[in-house]
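A quick write-up on the structure given underneath.
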Amino acid sequence: MGEKKEFEGNIKSVNRKSLSKQVIDEIIDLLMTGQLKPGERLPSEFELMEICKVSRPVIREALTSLEVMGIVNRKTRNGTFFSKKVGSGPFSMMLALSAGDLLSICEIRVALELGLVTLAAEKITDEDLAKLKGTIDRMKVLTTEDSSEEDKEFHMIIAQSAKNALFEGVINPLQQFHHKILEKIPLEERDLKETMRQHIEIYNALEKRDPIAAYASMYHHLNYVRQKAIKSLKPDS
């Protein structure tokens, strides 16, 4: 008999959790490589067991995780299908894990919306512009400095004007988290007249279909809000 070899921890045992993650990676790879497309049916659980060489409980655990993230839809009789479009699940989870880092969420919003507004300037319709003007008109008759609902709708209309389905799974959860940041800014620190002026500036740039002007006016607005958020989030403020 040959001498028995001793291993010093280089080989790790594979637990069920890591097996499930490997299965998730294999299933997502079906999309990434174009073997299956959004909306198409996945192989059956038994087929996945053969492909991935794992037990049925591991397959079911992986599919449950993918369903929670909104990547697949499981239909009892018809099987499991890839979702047809991006959902908000994965990004919502990422933001939830970063909920304590509100300033980073501010920065993500700035980066995202600067891109959105330039696309919106190229694609915005007269109907979208009318909706934007409606939010500004409602701001004009507010009796307090709190324009957070009108502001939220204003930015949502711009996001939708970009006409890109990928953004839909990102903008909703981002706005929900950013709304929590706005709530931390005291009413006495808000300036409805200035906020409205900035919205009008963004509106005018979009009406002219000018991406550069839209970018500049949106940056000015978001940076204005970000600076107020930074001030309100400081421990000594």
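Hydrogens, waters and symmetry mates are skipped; everything else that's a heavy atom, side chains included, is used.
Ionic pairing of Glu153 and Lys131 is not present here: no N-O contact between side-chain nitrogen and carboxylate oxygen is shorter than 4.0 angstrom. Using a 4.0 Å cut-off between a side-chain N of Lys or Arg and a carboxylate O of Asp or Glu, Arg209 and Glu122 do not qualify as a salt bridge. Salt bridge Lys163/Asp128: present, at least one basic N to carboxylate O contact under 4.0 Å.
Put simply, the side chain of Lys228 does not reach to within 4.5 Å of the side chain of Val225, judged on heavy atoms. Counting only heavy atoms from C-beta outward, the side chains of Ile27 and Phe82 approach each other to under 4.5 Å. Taking the side chain as every heavy atom from C-beta outward, Val54 and Ile59 approach each other to under 4.5 Å. Side-chain contact between Leu129 and Asp126: present, with at least one pair of heavy atoms (C-beta onward) separated by less than 4.5 Å. Contact check for Ser65 versus Val68: no side-chain heavy atoms found under the 4.5 Å cut-off. For the pair Ile51 and Glu26, the minimum side-chain heavy-atom distance is 4.5 Å or more. Looking at heavy atoms from C-beta onward, Leu19 lies out of side-chain contact with Ser55 at the 4.5 angstrom threshold. Contact annotation: the side chain of Thr135 never approaches that of Glu149 to less than 4.5 Å [non-hydrogen atoms, C-beta and beyond].
One side chain, Glu194 or Gln198, offers a donor N or O that lies under 3.5 Å from an acceptor on the other. Residues Ser148 and Arg190 bring no donor and acceptor atom of their side chains to less than 3.5 Å of each other. With no hydrogens or angles considered, a side-chain donor-acceptor pair links Thr33 and Gln35 at under 3.5 Å. Checking His220 against Glu201 by side-chain atom types alone, no donor-acceptor pair falls below 3.5 Å. For the residue pair Glu47 and Ser44, a side-chain donor N or O sits within less than 3.5 Å of a side-chain acceptor on the partner.
Residues Leu31 and Pro38 approach most closely at CD2-N, 3.8 Å, considering heavy atoms. Taking all atoms of both residues into account, the shortest heavy-atom contact from Ser161 to Lys123 is O-CB, 3.5 Å. In terms of heavy atoms, Arg226 sits closest to Cys106 at CG-CB, 4.3 Å. The minimum heavy-atom distance linking Val110 with Leu222 is given by the pair CA-CD1, 3.8 Å. Listed here is the closest heavy atom pair of Ala120 and Ile158: CB-O, 3.7 Å. Contact detail for Ile124 and Leu206: the closest heavy-atom pair is CG2-O, 3.8 Å.
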Worksheet entry | Test log, rule side chain to side chain contact (heavy atoms under 4.5 Å, CB included), inputs Asp29 and Met32 | CA-CA 5 Å; Asp29 195 57; Met32 298 289 288; 4.2 Å; yes
Worksheet item: When you look at Arg60 and Arg74, which way does the side chain to side chain contact (heavy atoms under 4.5 Å, CB included) test go after all the steps?
Response: CA-CA 11 Å; Arg60 288 188 168 180; Arg74 299 169 79 181; 4.3 Å; yes
Item to complete: Any chance you could lay out the side chain to side chain contact (heavy atoms under 4.5 Å, CB included) test for Glu67 and Asn73, step after step, and finish with the verdict?
Response: CA-CA 6 Å; Glu67 186 174 30; Asn73 297 309; 5.7 Å; no
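Considering CE of Met218 and CG of Asn223, their distance stands at 13.0 Å, rounded to 0.5 Å. Atom-to-atom distance recorded for Asp146:CG and Met139:CE is 9.5 Å, nearest 0.5 angstrom. Distance CD1/Ile200 to CG/Leu132: 12.0 Å, rounded to 0.5 Å. In this structure, CG on Leu42 lies 10.5 Å from CD1 on Ile71, to the nearest 0.5 angstrom. The distance from atom OG of Ser217 to atom CZ of Arg197, rounded to the nearest 0.5 Å, is 10.0 Å. Distance check: Met196 CE to Lys140 NZ gives 6.5 Å after rounding to the nearest 0.5 Å.
Between His155 and His221, the ring-plane angle classifies as parallel under the 30° and 60° cut-offs.
One N or O on the side chain of Arg41 and one on the backbone of Asn78 form a donor-acceptor pair closer than 3.5 Å. Checking side-chain atoms of Glu145 against main-chain N and O of Leu192 turns up a donor-acceptor pair under 3.5 Å.
Under a cutoff of 6.0 Å and an axis angle of 45°, Lys75 and Phe81 form a cation-pi pair.
A single hydrophobic cluster is not seen to contain both Val117 and Ile212; linkage of ILVMFWY side chains at heavy-atom distances under 4.5 Å, directly or through other members, places them apart.
More than 12 non-hydrogen atoms from other residues, nucleotides or ligands lie less than 6.0 angstrom from NZ of Lys152.
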